[in-house]
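Since the structure comes first, as structure tokens, the remarks are kept for the end.
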Amino acid sequence: MRIREIRIKNFRSHEESIVHFNNGINLIVGRNGAGKSSILEAIFASLYLGLPGFPKGYKEANTRIGKEGFVLRLIFDHNGKTYEIYRDTLSGKVALKENGKIIAEKDSDIARWVERYIYPMHVYRNAVYIKQGEIEGILVNEDVREKVLRKVLEIEDYENAERNIGDVIKELKRRKSDLEGFVRGVGNVEEQIKEEEKRLIDVIKDINSLSKELEKLRERFSLLEKEYKELKELKEELESVEKELIGLRGEYREREKLVSNLEEQKKDLKEEIARLEEKVKRLKDLEKVALEYERLKNLLALKDSKQNYEKKLEVSKQKLEGIKEKIETIREKVELLDDKKAKYDQKLSELKELEPLRKEYEDLTQRAKELEKRKKELKSYGYTKEKVIKELERIEQAKKEIDEIEKKINELSSLIGALGGREEELKENMRKLKGQKVCPLCKRPIKEHEAGEIEEEYALELRKVSEEKEKAQNKLKNLKERKSELQKLLENERDLIKIQKLVELIEELEKDLKGVNLGELEGKARRYETIRDELSKLAGEIKQLEKDVEDLTKYEKERKAYEKLVSQFKQKISEIENKIKEEGFSSFNEIEEKISQLEPQYKEYYSLKDSPKQLDKRKTKLSYVVSNIEKLRKELEGLKERISKKEEEKLKIESKFSREKFENVEKDFRETSNSLSEIKATLKERERLKEELTKRIEDLKKKKEELKTAKETIELLDKVIVDMTEFKKKLRTYKAEVERRGLLEVERLASEIFSEMTERKYQGIKIVRKKSYGREKIQINVVYNRQERDLSFLSGGELIALGLAFRLALSLYKVRHIELLVLDEPTPFLDEEKRRKLIEIIGEHLRKIPQVIIVSHDEELKDAADHVIRVSSHAGISKVEVESLVSL
């Protein structure tokens with residue numbers, strides 16, 4: 001798998017970012033908190049978001065504040081095909097594409113595909129992705145080492161399986177114990193079944209006896225019920241007739257009372273009608289006075305209309321005068337507008353002529369400022385052009401010398417290693433020679449004097465080898481010191497290249513400004529600004545004048561409208577005055593005086609106005625009362641006849657009905673009914689008991705079968721528990737073997753990588769388990785000159801090389817062929833020596849991996865990178881940009 005691109009929207013601090021990756025070493029660099037690690041987290045979420053391993057609330061926790069979801073789009077190559085994973089947590093849309101064709105559209109389906117065809121999530125987390133502090137921490141921290149190894153070797157999975165099997169065995173034992181308890185608790189089921197069947201027979205006998213008794217009672221109850229119903233019907237009929245008689249007599253009394261009340265109303269209505277007839281006669285006498293009063297009131301109403309028209313006339317006259325004044329003012333402005341337009345055109349022509357000179361002035365002024373700035377910058381460095389050229393030549397010479405020194409260093413290192421090996425071999429031979437009668441090399445017998453000669457030869461050769469080794473080590477030391485001096489000189493190379501480009505920029509700016517008269521151009525530029533301000537002012541004045549001229553037509557229309565209104569209001573006032581004169585009055589005061597004279601008679605007329613209506617109402621009511629009196633008298637005659645008939649009906653029923661007989665029959669009927677209910681309840685209880693006993697017997701028979709099954713299951717569980725216990729023992733043995741083989745494989749891989757990184761100085765590493773304070777721990781040693789040494793033997797740079805070699809070995813153990821490696825902040829706690837070694841290892845050894853992604857805030861790692869991605873933060877928003885590897 002090789003990543004080509006990740007697109008991030010509203011994820012953590014990234015509002016909208018696009019990150020491109022190349023083959024080789026990709027460095028993501030930036031300050032802490034800029035959003036570097038968020039890019040790695042976005043890649044991880046794109047791959048595995050649908051798996052159960054993600055915590056609840058992951059989407060909400062990683063969505064940018066103020067947004068409702070994030071969008072991720074990951075593009076990568078795998079096995080010659082291009083894949084794209086798209087996740088939108090707001091809309092819920094997800095897709096996995098293979099060469100542009102959709103092959104999955106669910107979170108879980110995509111994540112399962114990644115686990116099957118790319119890496120399982122735990123492999124990615126522990127083999128592909130190396131977290132902060134794991135390079136060195138896996139060596140110096142025993143707990144970290146133990147934790148990582150257990151995950152990579154999958155020891156935890158075997159332990160979990162072992163625990164799960166233990167839990168299963170416990171559950172099986174618990175199940176067996178429950179079944180044994182069930183068997184003990186059931187007791188003798190056969191005896192219980194016999195007892196319940198005996199009880200069932202007794203209950204059936206009771207049911208048969210009660211059923212016969214119930215039949216006899218039902219016959220007696222039927223006869224009593226018929227007689228009781230007949231007597232009850234006569235009783236109810238008698239009570240109904242008595243009730244109707246009471247109602248009819250009460251209704252007769254109410255009708256008599258109503259007739260008496262209506263006679264009183266009839267007398268009062270006749271008296272009221274006589275009074276109203278007198279008022280109606282007076283009303284007719286006052287009708288002419290009322291008509292005259294109302295006519296005069298209508299004339300007086302014209303007074304308010306006239307005053308209203310007079311007010312409107314005055315307002316219209318005033319507005320008409322104002323409009324006429326505005327029209328005169330606008331006519332004066334028309335001539336001024338033409339003058340302003342002519343002046344504007346003249347200024348605009350002059351401005352166009354000056355514009356190229358103004359632009360030239362601005363450009364040259366900017367260049368002059370830039371020139372001063374660059375000169376100050378060059379002065380701050382303390383360099384001249386000649387000095388820069390001379391220093392760069394020295395650096396080129398130093399590079400060549402370093403190349404020669406490195407070749408010599410490699411040759412001397414190989415020589416020293418070979419001499420050291422020969423030195424150890426001679427010492428070993430001398431040790432073996434003592435007390436031996438056989439030559440340790442040729443295996444032939446030797447005499448004592450020959451042994452001394454051989455030992456002397458070994459000692460002589462050992463001195464020569466030691467002296468030669470010491471000389472080589474001194475030369476190596478001197479060469480490394482010289483290399484260090486030259487490397488310090490190379491540290492200034494980037495600054496010198498930057499200064500050289502600065503000198504070239506100053507020369508270019510001076511060439512552009514040569515022979516330029518900035519003072520003259522400045523005057524032209526100032527004249528340009530003055531004319532531009534004048535044009536802006538003229539444009540505003542012209543715009544206002546044009547608006548005023550446009551208003552002239554509107555004001556002419558308003559003038560004509562108000563002149564028409566003035567004429568109309570004058571005509572209305574004249575019409576009102578003529579109307580008053582036609583009615584015989586010279587003023588409204590005369591009308592008011594006449595109205596005052598007629599007002600008392602008009603008030604009297606107004607108070608009598610409703611008299612005709614009231615008279616008609618009273619006559620109608622009198623007719624209604626007379627009609628009701630006649631109707632009620634007829635109803636009283638009918639009620640007398642009905643009362644007489646009901647009294648006869650009552651006597652007839654009383655001749656057939658005896659209350660004493662009814663009470664005796666009712667008592668006997670109720671006692672029989674109660675006895676019947678009691679027998680029914682008893683019978684029902686016996687039937688219920690019969691059902692319970694039948695069900696109980698069935699349950700006992702089922703329990704008998706369950707008991708048989710439980711005993712068989714107990715026997716089966718005994719066998720399964722034995723088998724599971726044996727399997728648990730075998731799993732523990734298999735786990736130990738997997739761990740042993742895994743550690744051997746990791747040791748082999750790490751030895752190869754570490755030996756290569758240290759140019760074969762070390763023959764490899766050894767992983768051993770040792771007990772300390774009752775606890776078994778994993779210890780790592782290195783092999784130097786075929787002897788094991790602990791980690792204190794290593795320099796700082798060698799320690800970081802071992803850490804990375806060990807970490808890569810773990811990755812190779814899981815993945816076998818590494819196409820992608822991710823390092824998150826590998827240098828946070830490394831000193832200068834360890835950082836330099838890590839940069840060297842990244843540049844020389846990690847290039848063998850097709851694609852490496854490193855996240856760091858350490859600018860020094862740029863020296864080892866092929867592709868640099870800079871992440872910065874502005875107002876809480878992460879920004880991503882590709883940065884050139886050569887600083888200007």
What closest approach, in Å, do [X] and [Y] show between heavy atoms, and which atom pair accounts for it?
X	Y	answer
Ile273	Arg618	CG1-CB, 3.7 Å
Ala34	Ser13	O-OG, 4.0 Å
Ser46	Ile85	O-CG2, 3.3 Å
Ala104	Ile110	CB-CG1, 4.0 Å
Ala42	Ile8	CB-CD1, 3.9 Å
Leu269	Val625	CD1-CG2, 4.0 Å

Using a strict threshold of under 4.0 Å (side-chain N to carboxylate O), is an ion pair present between [Y] and [X]?
X	Y	result
Lys281	Glu277	no
Glu556	Arg559	yes
Lys36	Asp824	no
Glu292	Arg295	yes
Glu534	Lys343	no
Arg7	Glu5	yes
Arg870	Glu859	yes
Glu355	Lys352	no
Lys375	Glu510	yes
Arg374	Glu370	yes
Glu350	Arg527	yes
Lys9	Glu15	no
Glu105	Lys93	no
Glu328	Lys324	no
Asp363	Arg367	yes

Please say whether more than 12 non-hydrogen atoms of neighbouring residues, nucleotides or ligands are located less than 6.0 Å from [atom1] in [X].
X	atom1	result
Tyr58	OH	yes
Arg31	CZ	no
Gln366	CD	no
Lys279	NZ	no

Roughly how far, to the nearest 0.5 Å, is the [atom2] atom of [Y] from the [atom1] atom of [X]?
X	Y	atom1	atom2	value
Ile39	Asn26	CD1	CG	11.0 Å
Ile580	Lys303	CD1	NZ	10.5 Å
Leu299	Ile591	CG	CD1	5.0 Å
Glu314	Lys317	CD	NZ	6.0 Å

Can you find a heavy atom in the side chain of [X] that is under 4.5 Å from one in the side chain of [Y]?
X	Y	result
Arg2	Asn23	yes
Glu593	Gln597	yes
Glu575	Gln571	yes
Leu357	Tyr528	no
Lys554	Glu558	yes
Leu74	Glu84	no
Leu538	Lys347	yes
Phe11	Glu41	yes

- Check the angle between the aromatic planes of Phe76 and Tyr83 and answer parallel, tilted or perpendicular using the 30° and 60° thresholds. parallel
- Classify the ring geometry between Tyr293 and Tyr602 as parallel (under 30°), tilted (30 to 60°) or perpendicular (over 60°).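 The rings of Tyr293 and Tyr602 lie parallel, inter-plane angle below 30°.
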Would you find a donor on one side and an acceptor on the other, under 3.5 Å apart, between the side chain of [X] and the backbone of [Y]?
X	Y	value
Ser607	Glu604	yes
His857	Glu825	no
Gln851	Ile3	yes
Thr89	Phe70	yes
Thr620	Asp616	yes
His867	Leu27	no
Ser574	Lys570	no
Ser17	His14	no

- Message: Determine whether Ile18 and Val880 satisfy the following criterion, side chain to side chain contact (heavy atoms under 4.5 Å, CB included), listing intermediate values before the conclusion.
- Response: CA-CA 7 Å; Ile18 302 174; Val880 178; over 6 Å; no
- Message: Go through it in stages, so that I can follow the logic: the residues are Leu96 and Asp109, the test is side chain to side chain contact (heavy atoms under 4.5 Å, CB included), and I'd like the CA-CA distance, side-chain angles, deciding distance and then a yes or no.
- Response: CA-CA 9 Å; Leu96 168 63; Asp109 291 346; over 6 Å; no
- Decide side chain to side chain contact (heavy atoms under 4.5 Å, CB included) for Lys879 and Val871; before the verdict, give the C-alpha distance in whole Å, the side-chain angles of both, and the deciding distance to 0.1 Å. CA-CA 6 Å; Lys879 299 292 182 184; Val871 182; over 6 Å; no
- Task: Take Tyr86 and Val71, measure what side chain to side chain contact (heavy atoms under 4.5 Å, CB included) needs, and give me the verdict at the end.
- Result: CA-CA 8 Å; Tyr86 176 82; Val71 180; 3.6 Å; yes
- Please determine, by modelled atom types, if Ser536 and Asp533 share a side-chain donor-acceptor pair under 3.5 angstrom.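 Note: Ser536 and Asp533 side chains miss the donor-acceptor criterion.
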- Does the side-chain hydrogen bond (donor to acceptor under 3.5 Å, both in side chains) test come out yes or no for Thr82 and Arg4, once each step is laid out? CA-CA 9 Å; Thr82 299; Arg4 287 169 54 182; 3.2 Å; yes
- Query: Which one of Glu522, Lys524, Glu529 satisfies the side-chain contact (heavy atoms from CB on, under 4.5 Å) criterion with Arg526?
  - Reply: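 Result for side-chain contact (heavy atoms from CB on, under 4.5 Å) with Arg526: Glu522.
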- Start with the C-alpha gap between Ser305 and Asn308, add the side-chain angles, then the distance that decides, and say whether side-chain hydrogen bond (donor to acceptor under 3.5 Å, both in side chains) holds. CA-CA 5 Å; Ser305 297; Asn308 188 31; over 6 Å; no
- Task: Report the C-alpha distance between Ser586 and Glu590 in whole Å, list the side-chain angles of each, state the deciding distance to 0.1 Å, and finish with yes or no for side-chain hydrogen bond (donor to acceptor under 3.5 Å, both in side chains).
- Result: CA-CA 7 Å; Ser586 59; Glu590 290 182 15; 2.3 Å; yes
